[in-house]
Number of protein chains: 2
Amino acid sequence: MTFAQFNQAAAISRREIYREIYHEHRLTIKAKKEKTALKNLELIFEATLKISNKKGFSAMTMRDLSAETGLSLGVLYHYFASKEELLDMVQSTGRGITSRILRQALAGESDPAARLRAGIKAHLFLSEAMQPWFYFSYMEARHLGSEEKERTKASELYSEKLFADILKNGQEQGVFKPMDCQNMAAVIKAMLQDWYVKRWKYAKRGQNVDQYASFVVDLVESYCLAGGEPQEK
Amino acid sequence: MTFAQFNQAAAISRREIYREIYHEHRLTIKAKKEKTALKNLELIFEATLKISNKKGFSAMTMRDLSAETGLSLGVLYHYFASKEELLDMVQSTGRGITSRILRQALAGESDPAARLRAGIKAHLFLSEAMQPWFYFSYMEARHLGSEEKERTKASELYSEKLFADILKNGQEQGVFKPMDCQNMAAVIKAMLQDWYVKRWKYAKRGQNVDQYASFVVDLVESYCLAGGEPQEK
DNA sequence: GTCTATATACGGATAGAC
DNA sequence: GTCTATCCGTATATAGAC
């Protein structure tokens with residue numbers, strides 16, 4: 001699986017994302033016409049990610065957002081009750097998409113080594129396709145209210161557990177060597193996160209996501225399969 | 001080398017840190033008596049790290065800092081000209097200590113495998129001893145002015161290069177197998193960073209820094225030293 | 001439905017009292 | 001040397017004009 005193939009298969013349509021957000025918050029969003037609502041939601045979210053990822057969400061003012069979107073302050077407040085609610089909306093949308101795509105990717109595979117590869121690549125490719133969302137989620141998690149913060153931690157632990165379970169399963173089947181599955185899952189996540197957090201570093205030396213994915217898969221497999229026969233792709 | 005041994009050898013005396021800061025900024029700090037200056041600097045920095053690491057530096061108000069330190073606003077401004085200068089002081093102090101300790105740790109070793117181990121452990125142990133500083137540097141780097149931001153990026157690239165050079169050197173000596181040294185160095189750094197960024201996760205399952213260090217060293221060495229047949233790309 | 005003007009509060013920084 | 005009172009700017013959020 002390459003990034004290009006992933007993009008086609010997953011069909012992360014931006015329009016689809018905003019339709020979801022609109023219907024999820026239909027009660028609080030005051031705009032009535034769906035067409036303008038979708039257009040404005042897209043403007044608002046893209047601008048929020050753009051500005052926040054440059055100078056931080058708390059440093060982004062509502063006037064910044066107004067200027068970037070071309071929407072007035074009054075209109076902005078038709079889509080969320082407060083700046084904090086906007087933050088929560090971005091975070092929960094990101095979480096939802098991530099867990100859905102990860103589950104989808106793993107559902108198609110049964111062999112532990114294949115599941116491990118699929119999980120790593122799906123996560124990397126998704127974070128590549130939605131880099132601003134991932135970066136935002138990572139950096140702004142600590143500015144959330146306590147309730148949303150707990151949800152974010154739970155989400156981190158959930159995806160770590162996905163990887164840990166794959167590893168444990170592989171061990172039980174005798175495909176992977178004995179190891180500390182929790183730590184292995186943790187460092188896999190760390191490597192996946194580095195791709196979207198330190199994007200500038202990889203861009204600087206012209207590394208693309210397919211190359212990085214191959215490297216991570218190779219490193220992880222070479223550790224987990226050590227002792228057994230080298231595997232073919 | 002264990003964390004306990006590192007702590008003794010490196011002797012990261014808190015008092016020493018603040019003495020350094022005081023002398024480095026002697027010209028701008030208005031407090032004259034060294035003794036009270038050191039005490040207040042310690043109060044200010046500890047409080048800044050504590051508050052910022054909870055809610056972010058930009059969300060920390062000068063009144064928060066005043067309440068936490070017990071110092072008045074007027075006194076605080078005797079130690080820095082602006083809130084941004086305080087940010088820069090924290091960052092540059094952290095950078096200085098890190099690069100010094102890393103260089104010291106590597107200076108004692110010549111064998112590539114030993115150097116690799118020493119670099120990984122020194123970084124982990126230092127970040128353990130100064131976790132609030134490292135967490136702060138990592139999270140607040142993007143809120144810096146462009147000049148300080150460049151310095152931070154340079155520091156990131158510098159320590160990555162330290163690891164990449166060790167790997168390349170080991171390859172040339174035939175100790176390490178052929179590999180992508182840049183990516184390997186990058187993911188080593190990612191694993192080191194995860195330790196202090198996601199501290200809560202490791203604490204939750206009772207993992208200590210010596211255990212984590214052993215795991216990372218084992219993973220990295222098992223990949224680099226993998227003998228027999230080198231892998232193809 | 002959209003925008004402009006403004007209420008209200010709080011931020012960083014400082015001047016001057018003690 | 002230290003603290004208190006305050007200036008000035010700007011933040012979020014809203015009410016009311018068009």
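Reckoned from all heavy atoms, side chains included, excluding hydrogens, waters and symmetry mates. Reminder, nothing fancy here: chain letters follow the sequence lines and each chain counts from 1.
With sequence neighbours excluded, the residues forming a side-chain hydrogen bond (donor to acceptor under 3.5 Å, both in side chains) with W195(A) are E128(A), listed by chain and number. Checked against side chain to side chain contact (heavy atoms under 4.5 Å, CB included), Q211(B) has the following partners two or more places apart in sequence or in another chain: Q207(B), N208(B). Residues that satisfy the side chain to side chain contact (heavy atoms under 4.5 Å, CB included) test with T61(A), not counting sequence neighbours, are R63(A), D64(A). Considering only residues two or more places apart in sequence or on other chains, E46(B) meets the side-chain hydrogen bond (donor to acceptor under 3.5 Å, both in side chains) condition with Y18(B). With sequence neighbours excluded, no residue forms a side-chain hydrogen bond (donor to acceptor under 3.5 Å, both in side chains) with K204(B).
One finds no salt bridge joining K153(A) and E160(A) here, because no Lys/Arg side-chain nitrogen approaches an Asp/Glu carboxylate oxygen to under 4.0 Å. The pair E20(A)-R100(A) meets the salt-bridge criterion, with a side-chain N (NZ, NE, NH1 or NH2) lying under 4.0 Å from an Asp/Glu carboxylate O.
A heavy atom lying under 4.0 Å from DNA chain C marks the following residues of residues 82-89 of chain B, by number: S82(B), K83(B). Looking at residues 26-45 of chain B, you'll see that no heavy atom sits under 4.0 Å from any atom of DNA chain C. Of the residues in residues 59-81 of chain B, those placing a heavy atom less than 4.0 Å from an atom of DNA chain C are M60(B), T61(B), M62(B), R63(B), L73(B), Y77(B), in numerical order.
Applying the salt bridge (Lys or Arg N to Asp or Glu O under 4.0 Å) test to residues at least two apart or on different chains, the pairs with a partner in residues 83-99 of chain A are R95(A)-E148(A). Counting only residues at least two apart or in different chains, ring pair (Phe, Tyr, Trp, His ring centres under 6.0 Å) contacts with residues 141-167 of chain A are absent.
Protein chain B touches strand DNA chain D; the 5'-most and 3'-most nucleotides with an atom under 4.0 angstrom of its non-hydrogen atoms are dG1(D) to dT6(D).
In this structure a side-chain-to-backbone donor-acceptor pair under 3.5 Å is missing from R115(A) to I166(A). A side-chain donor-acceptor contact under 3.5 Å links E140(A) to the backbone of F57(A).
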Name each donor-acceptor pair under 3.5 Å that joins a side chain in residues 69-79 of chain B to protein atoms two or more places apart or in another chain, with its distance.
from: T69(B); atom 1: OG1; to: L65(B); atom 2: O; distance (Å): 2.8
from: T69(B); atom 1: OG1; to: S66(B); atom 2: O; distance (Å): 3.3
from: T69(B); atom 1: OG1; to: L71(B); atom 2: N; distance (Å): 3.1
from: S72(B); atom 1: OG; to: V75(B); atom 2: N; distance (Å): 3.3
from: H78(B); atom 1: ND1; to: G74(B); atom 2: O; distance (Å): 2.9
from: Y79(B); atom 1: OH; to: N40(B); atom 2: ND2; distance (Å): 3.0

